[in-house]
Each structure stands twice: as structure tokens, then as C-alpha cells.
Enquirer: 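First the structure, which I've put down as C-alpha cells, then a few questions once you've had a look.
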Amino acid sequence: MNKDFIIDEQIEKLLACAIAPDKSRVLEIIAKAEKLKGLTPEETAVLLQTEDEELIEIISHTARKIKEAIYGNRLVIFAPLYIANLCANNCLYCGFRRDNKELQRVALSMEQIANEVRVLEREGHKRLLMLCGEHPTRSSLDYFMEAIETAYAVKTEHGGEIRRINVEVAPLEVEEFKRLKKTGIGTYVLFQETYHHATYKTMHPSGPKKDFAWRLTAMHRAQEGGINDVGIGALFGLYDYKFEVLGLLTHALQLEKDCGIGPHTISIPRLEPAFNAPAAIKPPHPVSDHDFKKLVAIIRLAVPYTGMILSTRETAAIRREVFELGVSQISAGSRTNPGGYQQDSSEAFRAAQFNLGDTRTPDEVIMDISTHGHIPSFCTACYRLGRTGKDFMELAKPGLIQKFCQTNALFTFKEYLMDYASPATRKIGEKLINQTVEDKFKPRMKKSILTRLQSIEEGKRDVYI
Ligand code: SAM
Ligand code: SF4
């Protein structure tokens with residue numbers, strides 16, 4: 001599959017027809033979304049064109065309700081692992097771009113990768129997102145696959161291990177996706193960056209990434225290659241955010257139509273300043289915090305069952321606000337320079353992809369989110385038990401996945417508190433676990449959860465249902 005299915009004029013028309021919508025129409029659409037039915041592009045365009053603050057508040061309120069109904073109060077935690085920053089592309093927004101001659105170029109050796117993973121495991125991480133630049137020899141598929149195997153093989157004290165590696169690599173052929181799948185990856189993630197053709201062309205002046213359609217159809221090929229958890233995303237700030245949200249939705253619907261299953265996740269990165277990257281230093285369509293919160297809420301209403309990922313590009317304050325609106329996965333303690341987890345950060349910008357908005361340690365992030373009532377989850381049970389793709393969606397849609405996710409989140413959080421947390425985080429975390437068990441579960445379930453929590457207290461690890 002290599003056929004472009006994004007028609008710019010259609011998206012522009014949807015937005016033009018929805019300008020200044022009737023209040024009654026907006027309320028009707030919100031009521032439909034509240035039933036967790038998702039929205040059509042036409043309905044989503046109406047919400048995007050809503051500028052009335054009172055209505056935007058109702059949209060946000062509904063997003064909070066949907067997030068609570070489907071995902072509860074948990075937030076899945078992961079760390080990105082950059083293994084190489086050599087790149088044949090020239091994306092105008094990225095510090096890794098080929099023409100950035102001042103960037104220190106690095107392709108980590110397998111030993112260096114293992115050392116990075118050791119640091120991450122000792123911080124308590126169980127999930128990674130592995131990524132690199134696009135380079136035919138220095139970050140080839142063979143190199144990447146060896147890096148995955150290396151990372152999975154690293155074991156540290158307290159049963160420290162990486163249990164799920166999601167990957168973000170340049171688009172592949174179906175046969176290559178089949179090979180990649182064999183390494184036991186979780187989700188295949190790739191951002192279209194912008195769904196607007198003219199902007200895409202300007203932002204990607206040279207290199208293999210120039211080909212819009214090849215990138216757009218990567219998720220179709222991944223599914224054809226047997227990878228049934230795929231994650232899409234747009235880089236907000238390159239073009240009008242309203243257009244990008246409709247692009248994401250069109251992509252999700254096309255996947256559902258052609259492959260029988262939509263994306264597992266949607267990522268919502270916003271442009272950050274980057275070393276020698278002109279479009280990142282002066283974003284062509286900056287997205288304000290107000291609009292960012294609005295777009296997160298609208299995505300939550302439009303595709304309620306798709307996880308939403310927020311990275312450390314955003315500041316702690318913005319992250320706190322958008323967690324409530326529908327984000328289900330977050331990175332913590334990230335470095336965007338290969339080798340960055342073992343280095344002190346003062347020289348990091350010389351090899352980094354972009355600057356970070358949230359530079360706190362994982363423990364600080366975890367303490368903060370627990371204080372705000374979110375359960376950090378390190379759970380990888382669905383993936384390990386084969387609850388992926390369609391099987392996952394069949395459980396997610398009637399709300400059954402909650403039963404597994406909420407309990408497994410508690411068990412993995414408890415393990416984190418026992419093995420990796422600072423005393424202050426542990427105190428807050430224990431209180432939150434007790435309160436969640438008390439408030440959210442019926443007596444029989446409560447008893448079985450408390451027994452398992454006790455077994456973790458006594459030294460048992462990797463407890464999940
Ligand atoms: N090189 C591969 C690619 O481009 O798909 C792998 C992923 S790249 C290392 C990760 C992502 O970082 C890109 O898809 C892009 O959306 C994002 N990114 C690049 N520059 C950025 C910036 N200045 N601010 C925020 N995100 C950026
Ligand atoms: Fe290379 Fe990816 Fe950066 Fe583009 S976004 S320059 S492809 S690393």
C-alpha cells in the first residue's frame with residue numbers, strides 16, 4: 001500500500017464549512033462524544049472551529065470524563081532511548097538534520113546501549129521508545145534490531161529489565177517490518193509531522209523523508225508485516241493545528257477501514273527549539289498553550305479508545321494540565337542525545353535532537369503525578385499476554401481493559417515504590433495506592449489486590465493479571 005489518502009482540499013473544506021458553528025450543534029456533538037462513540041471528521045471540524053470559551057470549557061470537561069471512564073487515573077510511564085543521531089534527511093525543525101555540521105554525531109555501540117539501558121532500569125523504567133536518525137549505514141535496520149536485542153537482554157538488580165520496546169524508525173518495506181516484528185517490539189511509532197502537503201514539502205527539502213506518501217502509508221505496511229500496534233502523530237507548530245487534527249483523524253479512520261484496526265496511540269509533540277534547526281527556532285504556526293489544551297481535549301472526544309502520548313517536550317505545568325484532558329502515556333527523565341543517560345547534561349545540546357521542557361528526574365515526575373492523584377503505571381501485561389491489536393480493542397471498547405490496567409498499574413507502581421523510589425515518593429505513593437484500592441474496587445476484588453500487594457511487599461516481583 002503506497003497510496004496517498006490525504007486530500008488537503010477536503011480538510012480545508014470541512015474547516016471552512018464549520019466556521020462559527022451554532023451552539024446547539026456543538027452541544028449535540030459533545031453529547032455524542034460523551035457516549036464514547038467517537039466523532040466523524042465533519043463533527044471534529046465543528047469542535048475545532050468553536051472559539052466560544054464557555055463551549056471550550058464544556059469540551060474540556062467532557063474530555064476529563066472520557067479520560068476517567070476509559071483510562072481511570074493511571075498514566076503509563078516510558079523513556080525514549082536515542083541510539084544514533086546520524087541522519088540523511090534535512091528536516092528543517094530537527095537538530096539531527098544532515099546540514100547541521102556542528103552537531104556531534106554518534107552511533108552508540110552495543111556496549112554503550114547496554115550501559116544506557118542499565119541506567120534506565122535502575123531508575124525503574126520497564127518500557128522504552130527506541131529511536132534514531134535515518135541513515136543507510138550508521139543506523140541500518142540490522143543495527144537497530146541488534147540494539148533491541150541488546151536492550152532486552154540487560155538485567156539489573158531487583159528484577160530490573162526492559163519488558164516492552166516501542167520503536168520509532170523511518171518507514172520500512174513490508175518484508176523489513178516482518179523482520180522487525182521478530183525482535184519482539186511493542187508499538188511501531190511514526191509521526192507524519194504535517195499532513196499538509198505543501199508544508200511537508202518545504203520542511204523536508206532532501207533525503208528519503210521527502211516522500212509524503214511513503215511515510216503516510218508506513219502504518220499500513222507495518223500492519224501488513226504483522227505489527228498490529230501502531231502509533232501515529234503530528235508535530236504541532238509546522239502548520240495550522242486544526243488541519244493537523246483532521247489529518248490525524250483521517251489517518252486513524254483510514255487504518256481502521258483498510259486494516260480493521262485504528263492506531264494504538266496518537267502522539268502530540270509540539271515544536272521545541274533545536275540546535276541549528278530554523279523551523280524549530282521560529283515555528284511557522286506556533287500553537288499556544290490554550291490551543292494545545294483544546295486540541296488534546298478534542299482528540300480525546302474524537303478517538304476515545306486511542307491512547308495519547310505526551311513527551312517531556314512540554315513543561316511540568318502544561319503536562320499537569322493536559323494529563324487530565326486525556327493523555328494516557330508520558331515519558332519521564334528523557335534525554336534526546338544518544339548516550340545522554342550516562343552523561344552530565346551540560347554538553348548534551350551538542351548532540352541532542354531538541355530541547356526539553358521538563359528536565360526533572362523520573363522520581364520527581366512520579367512524585368508530582370502521584371501528588372495529583374495519578375497512578376504511574378509500568379505495566380506491560382497486555383503486550384506480554386498477547387492482548388494487542390484487535391484483541392486489545394475488543395477489551396477496551398466495552399471498558400473491560402480497565403479491570404486489568406487499573407490493578408496492574410497498582411502492582412507495578414508498588415514494585416517501583418519498593419525498589420526505586422525516594423522516601424518522599426514512597427510515602428505519597430503508598431497513600432495513593434491505599435486510597436485507590438479503597439475507593440475504586442468492590443470488596444472481593446479489594447481482597448485479592450491487597451493479597452497481591454502484600455506479596456510484593458514480601459519480595460515477589462513481576463506480578464500482573
Ligand atoms: N528519524 C525518525 C523520524 O524522523 O521519523 C525517527 C524519529 S525522530 C528521532 C523523532 C521525532 O522527533 C520526529 O518524528 C519529530 O516529530 C520529532 N522532532 C524533531 N525535531 C523536533 C523539535 N524541534 N521539537 C519537537 N519534536 C521534534
Ligand atoms: Fe532525521 Fe528524524 Fe530528525 Fe528528520 S526528524 S532530521 S529524519 S532524525
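None of the values given here were measured: they were computed from a predicted structure. We count ligands from 1, going down the list as the structure has it; atoms in each ligand are counted the same way. Starting from 1, each residue takes its place in the sequence as its number.
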Enquirer: Does an N or O from E272, backbone or side chain, lie closer than 3.5 Å to an N or O of ligand 1?
Expert: yes
Enquirer: Hey, which atoms in ligand 1 end up nearer than 4.0 Å to a heavy atom of K209?
Expert: 3 (C), 4 (O)
Enquirer: At less than 4.0 angstrom from any non-hydrogen atom of K209, what atoms of ligand 2 do you find?
Expert: 2 (Fe), 4 (Fe), 5 (S), 7 (S)
Enquirer: Taking 4.0 angstrom as the limit and counting only heavy atoms of C94, give me the atoms of ligand 1 inside it, by number and element.
Expert: 19 (C), 20 (N)
Enquirer: Just which atoms of ligand 2 are under 4.0 Å from any heavy atom in F96?
Expert: 3 (Fe), 8 (S)
Enquirer: Ignoring hydrogens and geometry beyond distance, is a side-chain donor-acceptor pair present between T40 and E43 at under 3.5 Å?
Expert: yes
Enquirer: State, without any angle test, whether T187 and R164 hold a side-chain donor-acceptor pair at a distance under 3.5 Å.
Expert: yes
Enquirer: With only distance considered, is L190 within less than 3.5 Å of ligand 1 through an N or O on each side?
Expert: no
Enquirer: Report the part of Y93 in contact with ligand 1, treating N, CA, C, O as backbone and CB onward as side chain, heavy atoms under 4.0 Å; options are side chain, backbone, both, neither.
Expert: both
Enquirer: Does a donor on one side chain and an acceptor on the other come within less than 3.5 Å for Y241 and H285?
Expert: no
Enquirer: Does this structure show an ion pair linking R179 with D142, if we count only N-O contacts that are shorter than 4.0 Å?
Expert: yes
Enquirer: Give the atoms of ligand 2, by number and element, whose distance to some non-hydrogen atom of G133 is under 4.0 Å.
Expert: 8 (S)
Enquirer: Which atoms of ligand 2 have any heavy atom of R97 under 4.0 Å away?
Expert: 6 (S)
Enquirer: Output yes if C94 passes the N/O/S-under-2.8 Å test against atom 4 (Fe) of ligand 2; output no otherwise.
Expert: no
Enquirer: State, without any angle test, whether D4 and H197 hold a side-chain donor-acceptor pair at a distance under 3.5 Å.
Expert: yes
Enquirer: Which protein non-hydrogen atom lies closest to atom 7 (S) of ligand 2, naming both residue and atom, and how far is it?
Expert: N89 ND2, 3.3 Å
Enquirer: Who's the nearest protein heavy-atom neighbour of atom 4 (Fe) of ligand 2, and how far?
Expert: C91 SG, 2.2 Å
Enquirer: Counting from 1, what ligand 1 atoms have a heavy atom of R270 closer than 4.0 Å?
Expert: 25 (C)
Enquirer: Keeping Y341 on the side-chain end and R335 on the backbone end, is there a donor-acceptor pair under 3.5 Å?
Expert: yes
Enquirer: Just let me know how R215 lines up against ligand 1, side chain, backbone, both or neither, with a heavy-atom cut-off below 4.0 Å.
Expert: side chain
Enquirer: Indicate whether the side chain of E111 and that of N115 have a donor and an acceptor atom separated by less than 3.5 Å.
Expert: no
Enquirer: What verdict does the salt bridge (charged side-chain N to carboxylate O under 4.0 Å, His left out) test give for E176 and K178, after you've listed the backbone C-alpha separation in whole Å, the side-chain angles of each residue and the deciding distance to 0.1 Å?
Expert: CA-CA 5 Å; E176 293 174 317; K178 284 185 186 162; over 6 Å; no
Enquirer: Pick one: which of V189, I148, I227 meets side chain to side chain contact (heavy atoms under 4.5 Å, CB included) with V167?
Expert: I148
Enquirer: Answer yes or no on whether R122 is positioned over the face of Y420, meaning its NZ or CZ is under 6.0 Å from the six-membered ring centre and within 45° of the axis.
Expert: no
Enquirer: Could you tell me whether the side chains of N73 and E68 share a donor-acceptor contact shorter than 3.5 Å?
Expert: no
Enquirer: Is E134 close to ligand 1, meaning an N/O of one under 3.5 Å from an N/O of the other?
Expert: no
Enquirer: Under 4.0 Å from a heavy atom of E168: give me the atoms of ligand 1 that qualify, with their elements.
Expert: 6 (C), 7 (C), 10 (C), 11 (C), 14 (O)
Enquirer: Considering the heavy atoms of A280, write down every atom of ligand 1 situated less than 4.0 Å from one of them.
Expert: 23 (N)
Enquirer: Among H204, R313, E193, which residue places a heavy atom closest to atom 17 (C) of ligand 1?
Expert: R313
Enquirer: Taking both backbone and side chain into account, is any N, O or S atom of C87 nearer than 2.8 Å to atom 3 (Fe) of ligand 2?
Expert: no
Enquirer: If you measure only the distance, is there a donor-acceptor pair under 3.5 Å linking the side chains of H220 and D258?
Expert: yes
Enquirer: Measure the distances from the heavy atoms of C132 to every atom of ligand 1 and state whether one is below 4.0 angstrom.
Expert: yes
Enquirer: Under 4.0 Å from a heavy atom of A274: which atoms of ligand 1 are those, numbered in the order shown and with their elements?
Expert: 23 (N)
Enquirer: Between the side chains of D363 and Y416, is a donor N or O closer than 3.5 angstrom to an acceptor N or O?
Expert: yes
